There are 2 protein chains.
Amino acid sequence: MTAPQWLNEEELRAWYAFVAAGALINRRLDQQLKDDVGITHLQYEILVRLDAAPDREMRMSALADALLNSKSGLTYQITQLEKAGLVTRRSCPSDPRAVYAVLTDAGRCMLEQAAPGHVAQVRKLLIDVLTPQQLATIADGLTEVTHRIQSSEADPAR
Amino acid sequence: MTAPQWLNEEELRAWYAFVAAGALINRRLDQQLKDDVGITHLQYEILVRLDAAPDREMRMSALADALLNSKSGLTYQITQLEKAGLVTRRSCPSDPRAVYAVLTDAGRCMLEQAAPGHVAQVRKLLIDVLTPQQLATIADGLTEVTHRIQSSEADPAR
DNA sequence: GGCCCCAGGTTCGAATTTGAACCGTCGCGA
DNA sequence: TCGCGACGGTTCAAATTCGAACCTGGGGCC
(Lines give C-alpha, C1' and ligand atoms only; values in the text may rest on other atoms or scores of the structure.)
Protein backbone atom coordinates (compact mmCIF):
# COMPACT_ATOMS: atom_id res chain seq x y z
CA MET A 1 0.00 0.00 0.00
CA THR A 2 1.40 3.37 -0.90
CA ALA A 3 1.62 5.95 1.82
CA PRO A 4 -1.42 8.20 1.82
CA GLN A 5 -0.63 10.82 -0.80
CA TRP A 6 -1.38 14.02 1.05
CA LEU A 7 -1.84 17.16 -0.94
CA ASN A 8 1.11 19.49 -0.93
CA GLU A 9 0.66 23.17 -0.37
CA GLU A 10 0.20 24.07 -3.99
CA GLU A 11 -2.29 21.32 -4.56
CA LEU A 12 -4.23 22.31 -1.48
CA ARG A 13 -4.34 25.88 -2.66
CA ALA A 14 -5.72 24.82 -6.02
CA TRP A 15 -8.24 22.50 -4.43
CA TYR A 16 -9.62 25.02 -2.00
CA ALA A 17 -9.74 27.76 -4.59
CA PHE A 18 -11.65 25.44 -6.86
CA VAL A 19 -14.20 24.45 -4.27
CA ALA A 20 -14.65 27.95 -2.95
CA ALA A 21 -15.00 29.52 -6.35
CA GLY A 22 -17.57 26.95 -7.35
CA ALA A 23 -19.65 27.46 -4.25
CA LEU A 24 -19.49 31.23 -4.32
CA ILE A 25 -20.23 31.58 -7.98
CA ASN A 26 -23.14 29.19 -7.84
CA ARG A 27 -24.67 31.02 -4.94
CA ARG A 28 -24.32 34.37 -6.62
CA LEU A 29 -25.78 33.18 -9.87
CA ASP A 30 -28.79 31.70 -8.16
CA GLN A 31 -29.23 34.87 -6.23
CA GLN A 32 -29.02 37.11 -9.24
CA LEU A 33 -31.40 35.04 -11.34
CA LYS A 34 -33.94 34.76 -8.57
CA ASP A 35 -33.87 38.47 -7.86
CA ASP A 36 -33.92 39.33 -11.51
CA VAL A 37 -36.46 37.04 -13.11
CA GLY A 38 -37.47 34.56 -10.42
CA ILE A 39 -35.91 31.36 -11.65
CA THR A 40 -33.02 29.31 -10.33
CA HIS A 41 -29.75 28.68 -12.09
CA LEU A 42 -30.80 25.12 -12.75
CA GLN A 43 -34.04 26.22 -14.33
CA TYR A 44 -32.17 28.74 -16.41
CA GLU A 45 -29.86 26.02 -17.67
CA ILE A 46 -32.85 23.90 -18.59
CA LEU A 47 -34.25 26.72 -20.67
CA VAL A 48 -30.89 27.27 -22.32
CA ARG A 49 -30.54 23.64 -23.35
CA LEU A 50 -34.05 23.50 -24.68
CA ASP A 51 -33.59 26.70 -26.61
CA ALA A 52 -30.44 25.36 -28.22
CA ALA A 53 -32.01 22.06 -29.17
CA PRO A 54 -33.65 21.38 -32.53
CA ASP A 55 -37.34 22.30 -32.36
CA ARG A 56 -36.62 23.56 -28.86
CA GLU A 57 -37.39 20.23 -27.33
CA MET A 58 -35.50 17.42 -25.68
CA ARG A 59 -36.13 14.07 -24.13
CA MET A 60 -36.26 14.08 -20.37
CA SER A 61 -33.37 11.73 -20.05
CA ALA A 62 -31.18 13.64 -22.50
CA LEU A 63 -31.88 16.77 -20.55
CA ALA A 64 -31.07 15.09 -17.27
CA ASP A 65 -27.78 13.89 -18.68
CA ALA A 66 -26.89 17.28 -20.08
CA LEU A 67 -27.58 18.90 -16.74
CA LEU A 68 -25.79 16.24 -14.73
CA ASN A 69 -28.95 15.94 -12.69
CA SER A 70 -30.95 13.03 -11.38
CA LYS A 71 -34.00 11.92 -13.28
CA SER A 72 -36.36 12.62 -10.44
CA GLY A 73 -34.86 16.03 -9.92
CA LEU A 74 -35.52 16.88 -13.50
CA THR A 75 -39.09 15.64 -13.30
CA TYR A 76 -39.62 18.00 -10.42
CA GLN A 77 -38.08 20.99 -12.15
CA ILE A 78 -39.93 20.42 -15.39
CA THR A 79 -43.15 20.26 -13.40
CA GLN A 80 -42.30 23.60 -11.83
CA LEU A 81 -41.44 25.13 -15.19
CA GLU A 82 -44.64 23.75 -16.63
CA LYS A 83 -46.64 25.39 -13.86
CA ALA A 84 -44.88 28.62 -14.70
CA GLY A 85 -45.81 28.16 -18.35
CA LEU A 86 -42.24 28.19 -19.59
CA VAL A 87 -42.19 24.61 -20.76
CA THR A 88 -44.67 21.95 -21.80
CA ARG A 89 -44.48 18.21 -21.95
CA ARG A 90 -45.14 16.32 -25.13
CA SER A 91 -45.13 12.58 -25.44
CA CYS A 92 -43.35 10.94 -28.29
CA PRO A 93 -45.66 9.21 -30.77
CA SER A 94 -43.12 6.57 -31.76
CA ASP A 95 -42.24 5.57 -28.21
CA PRO A 96 -44.98 6.07 -25.64
CA ARG A 97 -42.46 5.82 -22.84
CA ALA A 98 -40.53 8.85 -23.94
CA VAL A 99 -41.47 12.40 -22.95
CA TYR A 100 -40.24 15.57 -24.56
CA ALA A 101 -39.90 18.83 -22.74
CA VAL A 102 -40.68 21.70 -25.07
CA LEU A 103 -39.80 25.34 -24.59
CA THR A 104 -42.84 27.60 -24.90
CA ASP A 105 -42.84 31.10 -26.31
CA ALA A 106 -43.10 32.40 -22.80
CA GLY A 107 -40.06 30.32 -21.93
CA ARG A 108 -38.16 31.80 -24.81
CA CYS A 109 -39.17 35.24 -23.76
CA MET A 110 -38.07 34.57 -20.20
CA LEU A 111 -34.74 33.36 -21.48
CA GLU A 112 -34.24 36.51 -23.46
CA GLN A 113 -34.97 38.54 -20.40
CA ALA A 114 -32.73 36.54 -18.17
CA ALA A 115 -29.75 35.95 -20.39
CA PRO A 116 -28.10 39.37 -20.47
CA GLY A 117 -28.03 39.72 -16.70
CA HIS A 118 -26.87 36.18 -16.24
CA VAL A 119 -24.08 36.44 -18.75
CA ALA A 120 -23.01 39.75 -17.27
CA GLN A 121 -22.80 38.08 -13.89
CA VAL A 122 -20.76 35.19 -15.25
CA ARG A 123 -18.40 37.69 -16.78
CA LYS A 124 -18.10 39.72 -13.66
CA LEU A 125 -17.61 36.78 -11.35
CA LEU A 126 -15.34 34.59 -13.42
CA ILE A 127 -14.48 35.45 -16.98
CA ASP A 128 -13.38 39.02 -16.62
CA VAL A 129 -11.29 38.24 -13.58
CA LEU A 130 -9.07 35.91 -15.55
CA THR A 131 -6.69 36.45 -18.42
CA PRO A 132 -7.38 34.69 -21.71
CA GLN A 133 -4.34 32.57 -20.90
CA GLN A 134 -5.80 31.48 -17.61
CA LEU A 135 -9.16 30.86 -19.19
CA ALA A 136 -7.63 28.64 -21.82
CA THR A 137 -5.72 26.65 -19.23
CA ILE A 138 -8.82 26.24 -17.09
CA ALA A 139 -10.90 25.23 -20.07
CA ASP A 140 -8.37 22.62 -21.13
CA GLY A 141 -7.74 21.22 -17.69
CA LEU A 142 -11.30 21.06 -16.50
CA THR A 143 -12.58 19.71 -19.76
CA GLU A 144 -10.21 16.83 -19.34
CA VAL A 145 -11.39 16.41 -15.76
CA THR A 146 -15.03 16.21 -16.73
CA HIS A 147 -14.29 13.83 -19.58
CA ARG A 148 -12.49 11.46 -17.31
CA ILE A 149 -15.18 11.49 -14.70
CA GLN A 150 -17.93 10.99 -17.20
CA SER A 151 -16.19 8.19 -18.98
CA SER A 152 -15.50 6.45 -15.69
CA GLU A 153 -19.19 6.80 -14.88
CA ALA A 154 -20.20 5.00 -18.01
CA ASP A 155 -17.50 2.41 -17.55
CA PRO A 156 -18.76 -0.58 -15.57
CA ALA A 157 -15.21 -1.54 -14.56
CA ARG A 158 -14.40 1.62 -12.72
CA MET B 1 -25.57 50.89 -22.78
CA THR B 2 -22.92 48.51 -24.00
CA ALA B 3 -24.06 45.71 -26.24
CA PRO B 4 -24.65 42.53 -24.26
CA GLN B 5 -21.19 40.99 -23.97
CA TRP B 6 -21.84 37.45 -25.03
CA LEU B 7 -19.26 34.84 -24.20
CA ASN B 8 -17.06 33.82 -27.07
CA GLU B 9 -16.32 30.22 -27.80
CA GLU B 10 -13.27 29.98 -25.60
CA GLU B 11 -15.01 31.64 -22.69
CA LEU B 12 -17.99 29.40 -23.05
CA ARG B 13 -15.76 26.38 -23.05
CA ALA B 14 -14.09 27.50 -19.85
CA TRP B 15 -17.39 28.33 -18.22
CA TYR B 16 -19.02 25.03 -18.99
CA ALA B 17 -15.99 23.05 -18.03
CA PHE B 18 -15.88 24.90 -14.76
CA VAL B 19 -19.51 24.31 -13.92
CA ALA B 20 -19.47 20.71 -15.03
CA ALA B 21 -16.29 19.84 -13.18
CA GLY B 22 -17.62 21.42 -10.02
CA ALA B 23 -20.88 19.54 -10.18
CA LEU B 24 -19.34 16.20 -11.04
CA ILE B 25 -16.59 16.37 -8.48
CA ASN B 26 -18.94 17.41 -5.72
CA ARG B 27 -21.28 14.60 -6.49
CA ARG B 28 -18.51 12.03 -6.53
CA LEU B 29 -17.00 13.24 -3.30
CA ASP B 30 -20.32 13.10 -1.53
CA GLN B 31 -20.89 9.66 -2.90
CA GLN B 32 -17.53 8.35 -1.84
CA LEU B 33 -17.69 9.77 1.67
CA LYS B 34 -21.20 8.50 2.23
CA ASP B 35 -20.35 5.02 1.02
CA ASP B 36 -17.12 4.99 2.92
CA VAL B 37 -17.86 6.45 6.32
CA GLY B 38 -21.42 7.77 6.15
CA ILE B 39 -20.92 11.50 6.21
CA THR B 40 -21.42 14.15 3.57
CA HIS B 41 -18.73 16.30 2.06
CA LEU B 42 -20.02 19.28 3.98
CA GLN B 43 -19.83 17.40 7.25
CA TYR B 44 -16.36 16.26 6.39
CA GLU B 45 -15.30 19.82 5.79
CA ILE B 46 -16.74 20.84 9.13
CA LEU B 47 -14.66 18.20 10.86
CA VAL B 48 -11.56 19.31 8.97
CA ARG B 49 -11.95 22.90 10.00
CA LEU B 50 -12.55 22.02 13.59
CA ASP B 51 -9.58 19.70 13.65
CA ALA B 52 -7.34 22.43 12.28
CA ALA B 53 -8.56 25.03 14.77
CA PRO B 54 -6.88 25.73 18.11
CA ASP B 55 -8.37 23.48 20.79
CA ARG B 56 -10.36 21.88 17.99
CA GLU B 57 -13.21 24.28 18.43
CA MET B 58 -14.73 27.18 16.56
CA ARG B 59 -17.54 29.64 16.89
CA MET B 60 -20.59 28.80 14.89
CA SER B 61 -20.41 31.96 12.87
CA ALA B 62 -16.72 31.57 12.10
CA LEU B 63 -17.41 28.06 10.93
CA ALA B 64 -20.30 29.19 8.79
CA ASP B 65 -18.11 31.82 7.17
CA ALA B 66 -15.30 29.38 6.55
CA LEU B 67 -17.67 26.95 4.91
CA LEU B 68 -19.45 29.60 2.89
CA ASN B 69 -22.67 28.27 4.35
CA SER B 70 -25.72 29.91 5.81
CA LYS B 71 -26.04 30.12 9.57
CA SER B 72 -29.16 28.05 9.71
CA GLY B 73 -27.60 25.42 7.51
CA LEU B 74 -24.70 25.14 9.86
CA THR B 75 -26.98 24.86 12.87
CA TYR B 76 -28.65 21.94 11.18
CA GLN B 77 -25.43 20.18 10.31
CA ILE B 78 -23.90 20.66 13.73
CA THR B 79 -27.04 19.19 15.22
CA GLN B 80 -26.65 16.17 12.99
CA LEU B 81 -22.99 15.78 13.88
CA GLU B 82 -23.84 16.14 17.53
CA LYS B 83 -26.36 13.34 17.26
CA ALA B 84 -23.65 11.25 15.66
CA GLY B 85 -21.34 12.08 18.55
CA LEU B 86 -18.68 13.65 16.37
CA VAL B 87 -19.05 17.14 17.72
CA THR B 88 -20.39 18.84 20.83
CA ARG B 89 -21.58 22.32 21.53
CA ARG B 90 -20.06 24.44 24.23
CA SER B 91 -21.22 27.89 25.16
CA CYS B 92 -18.69 30.61 25.68
CA PRO B 93 -18.38 31.84 29.27
CA SER B 94 -17.40 35.36 28.33
CA ASP B 95 -20.24 35.87 25.88
CA PRO B 96 -23.36 33.82 26.53
CA ARG B 97 -24.59 34.44 23.01
CA ALA B 98 -21.68 32.69 21.42
CA VAL B 99 -21.57 28.94 20.85
CA TYR B 100 -18.55 26.85 20.14
CA ALA B 101 -18.59 23.66 18.17
CA VAL B 102 -16.00 21.24 19.52
CA LEU B 103 -14.59 18.20 17.79
CA THR B 104 -14.91 15.08 19.95
CA ASP B 105 -12.45 12.21 20.03
CA ALA B 106 -14.91 10.20 18.00
CA GLY B 107 -14.97 13.03 15.52
CA ARG B 108 -11.21 13.01 15.28
CA CYS B 109 -11.24 9.31 14.79
CA MET B 110 -13.82 9.59 12.07
CA LEU B 111 -11.74 12.19 10.35
CA GLU B 112 -8.71 9.93 10.41
CA GLN B 113 -10.75 7.18 8.86
CA ALA B 114 -12.27 9.37 6.23
CA ALA B 115 -9.32 11.47 5.19
CA PRO B 116 -7.22 9.01 3.19
CA GLY B 117 -10.07 7.93 0.98
CA HIS B 118 -11.25 11.44 0.52
CA VAL B 119 -7.85 12.79 -0.41
CA ALA B 120 -7.32 9.89 -2.77
CA GLN B 121 -10.55 10.77 -4.48
CA VAL B 122 -9.62 14.43 -4.77
CA ARG B 123 -6.37 13.35 -6.35
CA LYS B 124 -7.98 11.00 -8.72
CA LEU B 125 -10.72 13.36 -9.81
CA LEU B 126 -8.84 16.60 -10.04
CA ILE B 127 -5.25 16.90 -8.94
CA ASP B 128 -3.70 14.00 -10.77
CA VAL B 129 -5.50 14.86 -13.97
CA LEU B 130 -3.77 18.20 -14.20
CA THR B 131 -0.16 19.19 -14.65
CA PRO B 132 1.52 21.22 -11.91
CA GLN B 133 1.45 24.08 -14.37
CA GLN B 134 -2.27 23.85 -14.78
CA LEU B 135 -2.77 23.49 -11.06
CA ALA B 136 -0.79 26.63 -10.39
CA THR B 137 -2.73 28.59 -12.95
CA ILE B 138 -6.01 27.36 -11.55
CA ALA B 139 -4.97 28.11 -8.01
CA ASP B 140 -3.93 31.64 -8.91
CA GLY B 141 -6.94 32.41 -11.04
CA LEU B 142 -9.59 30.98 -8.79
CA THR B 143 -8.05 32.41 -5.66
CA GLU B 144 -8.37 35.80 -7.22
CA VAL B 145 -11.95 34.99 -8.17
CA THR B 146 -12.93 34.02 -4.65
CA HIS B 147 -11.18 37.04 -3.17
CA ARG B 148 -13.06 39.39 -5.39
CA ILE B 149 -16.39 37.81 -4.67
CA GLN B 150 -15.81 37.76 -0.96
CA SER B 151 -14.66 41.33 -0.80
CA SER B 152 -17.64 42.44 -2.82
CA GLU B 153 -19.85 40.60 -0.36
CA ALA B 154 -18.47 42.52 2.57
CA ASP B 155 -18.56 45.77 0.66
CA PRO B 156 -21.85 47.60 1.18
CA ALA B 157 -21.39 49.59 -2.04
CA ARG B 158 -21.17 46.68 -4.40
C1' DG C 1 -30.31 53.82 34.63
C1' DG C 2 -33.30 53.14 30.48
C1' DC C 3 -33.77 52.58 25.49
C1' DC C 4 -32.72 51.01 21.15
C1' DC C 5 -30.34 48.65 17.88
C1' DC C 6 -27.13 45.07 16.69
C1' DA C 7 -24.81 40.61 16.76
C1' DG C 8 -25.02 35.44 17.47
C1' DG C 9 -27.77 31.45 17.06
C1' DT C 10 -31.85 28.96 16.68
C1' DT C 11 -36.37 27.87 14.87
C1' DC C 12 -39.78 27.49 11.49
C1' DG C 13 -42.07 26.59 7.11
C1' DA C 14 -41.46 26.24 2.25
C1' DA C 15 -38.78 24.67 -1.59
C1' DT C 16 -35.54 21.54 -3.36
C1' DT C 17 -32.78 17.27 -3.76
C1' DT C 18 -32.02 12.49 -3.40
C1' DG C 19 -32.48 7.59 -3.86
C1' DA C 20 -35.34 3.80 -3.92
C1' DA C 21 -39.51 1.72 -5.39
C1' DC C 22 -42.78 1.62 -8.92
C1' DC C 23 -45.38 1.33 -13.58
C1' DG C 24 -45.80 0.68 -18.28
C1' DT C 25 -43.16 -0.25 -22.67
C1' DC C 26 -39.67 -2.14 -25.61
C1' DG C 27 -36.99 -5.47 -27.79
C1' DC C 28 -34.35 -9.46 -27.84
C1' DG C 29 -33.62 -14.33 -27.38
C1' DA C 30 -35.69 -18.94 -26.60
C1' DT D 1 -45.18 -15.86 -29.64
C1' DC D 2 -43.80 -15.61 -24.86
C1' DG D 3 -40.98 -14.15 -21.18
C1' DC D 4 -37.95 -11.10 -19.11
C1' DG D 5 -34.62 -7.89 -18.23
C1' DA D 6 -33.58 -3.08 -19.49
C1' DC D 7 -35.30 1.59 -20.42
C1' DG D 8 -37.90 6.05 -19.57
C1' DG D 9 -40.36 8.56 -16.36
C1' DT D 10 -42.85 9.32 -12.27
C1' DT D 11 -43.91 8.98 -7.37
C1' DC D 12 -42.88 8.87 -2.67
C1' DA D 13 -40.71 9.64 1.79
C1' DA D 14 -36.71 11.36 3.94
C1' DA D 15 -32.92 14.51 4.18
C1' DT D 16 -31.18 18.87 3.23
C1' DT D 17 -31.22 23.82 2.16
C1' DC D 18 -32.91 28.41 2.27
C1' DG D 19 -34.61 32.75 4.02
C1' DA D 20 -37.23 35.15 7.15
C1' DA D 21 -38.81 35.63 11.73
C1' DC D 22 -37.54 35.09 16.22
C1' DC D 23 -35.06 35.03 20.93
C1' DT D 24 -31.42 36.70 23.94
C1' DG D 25 -27.77 39.26 25.58
C1' DG D 26 -24.39 43.27 24.78
C1' DG D 27 -23.19 48.06 24.28
C1' DG D 28 -23.55 52.60 22.88
C1' DC D 29 -26.15 56.80 23.71
C1' DC D 30 -29.31 59.89 26.03
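Remember, it's a predicted structure, so these values are computed and weren't measured experimentally. Just so it is clear: chains get the letters A, B, ... in the order the sequence lines come, proteins before strands, and each one is counted from 1. Values below: every heavy atom of this structure, side chains too, minus hydrogens, waters and symmetry copies.
One interatomic measurement links the two molecules: NE2 of A:His41 to C1' of C:dA15, which rounds to 18 Å at whole-angstrom precision. What separates NZ of B:Lys34 from P of C:dT18 is a distance of 8 Å, to the nearest Å. Distance CD (A:Gln77) to P (C:dT16): 6 Å, rounded to an integer number of Å. Atom C1' of nucleotide C:dT16 and atom CZ of B:Arg27 are separated by 14 Å, given to the nearest angstrom. Residue A:Lys83 contributes atom NZ, which lies 12 Å from atom C1' of C:dT16 at whole-angstrom precision. A:Ile46 places its CD1 atom 11 Å from the P atom of C:dT16, with the value rounded to the nearest Å.
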Using a 3.5 Å cut-off and no angle test, enumerate the donor-acceptor pairs between side-chain atoms of residues 59-69 of chain A and protein atoms at least two apart in sequence or in another chain.
none

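Side-chain contact check for A:Leu29 versus A:Leu125: some heavy-atom pair is nearer than 4.5 Å. Between A:Lys34 and A:Ile39, every side-chain heavy-atom pair lies at or beyond the 4.5 Å cut-off.
Note on A:Gly73: a base of the nucleic acid sits closer than 4.0 angstrom, heavy atoms only. Residue A:Gln31 is classed as a sugar-phosphate contact, given heavy-atom separations below 4.0 Å to backbone atoms only.
If you walk DNA chain D from 5' to 3' and mark each nucleotide with an atom closer than 4.0 Å to a heavy atom of chain B, the marks span D:dA15 to D:dG26.
Side-chain contact, A:Thr143 with A:Arg148: no donor N or O sits under 3.5 Å from an acceptor N or O. A donor-acceptor contact closer than 3.5 angstrom links the side chains of A:Gln77 and A:Gln43.
Paired with A:Leu111 under the rule side chain to side chain contact (heavy atoms under 4.5 Å, CB included), one option of A:Ile46, A:Leu86, A:Val48, A:Val37 passes, and it is A:Val48.
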Open item on the list: So if I define the base as every atom that isn't primed, P, OP1 or OP2, how would nucleotides 5-11 of chain C read as a B/S/- string at a heavy-atom cutoff under 4.0 Å?
Closed with: --BSBBB
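Across the interface with DNA chain C, nearest-nucleotide mapping of A:Ser94 and A:Thr40 shows A:Thr40 to be the residue nearer the 5′ end.
A search for side-chain contact (heavy atoms from CB on, under 4.5 Å) contacts involving A:Ala21 returns B:Phe18, B:Leu142, B:Val145, B:Thr146, not counting sequence neighbours. Every residue meeting the side-chain hydrogen bond (donor to acceptor under 3.5 Å, both in side chains) condition with A:Arg13, not counting sequence neighbours, appears here in chain and number order: A:Glu10, B:Asp140.
Residue pairs meeting the ring pair (Phe, Tyr, Trp, His ring centres under 6.0 Å) criterion with at least one partner in residues 90-130 of chain B, sequence neighbours excluded, are B:His41-B:His118, B:Tyr44-B:His118.
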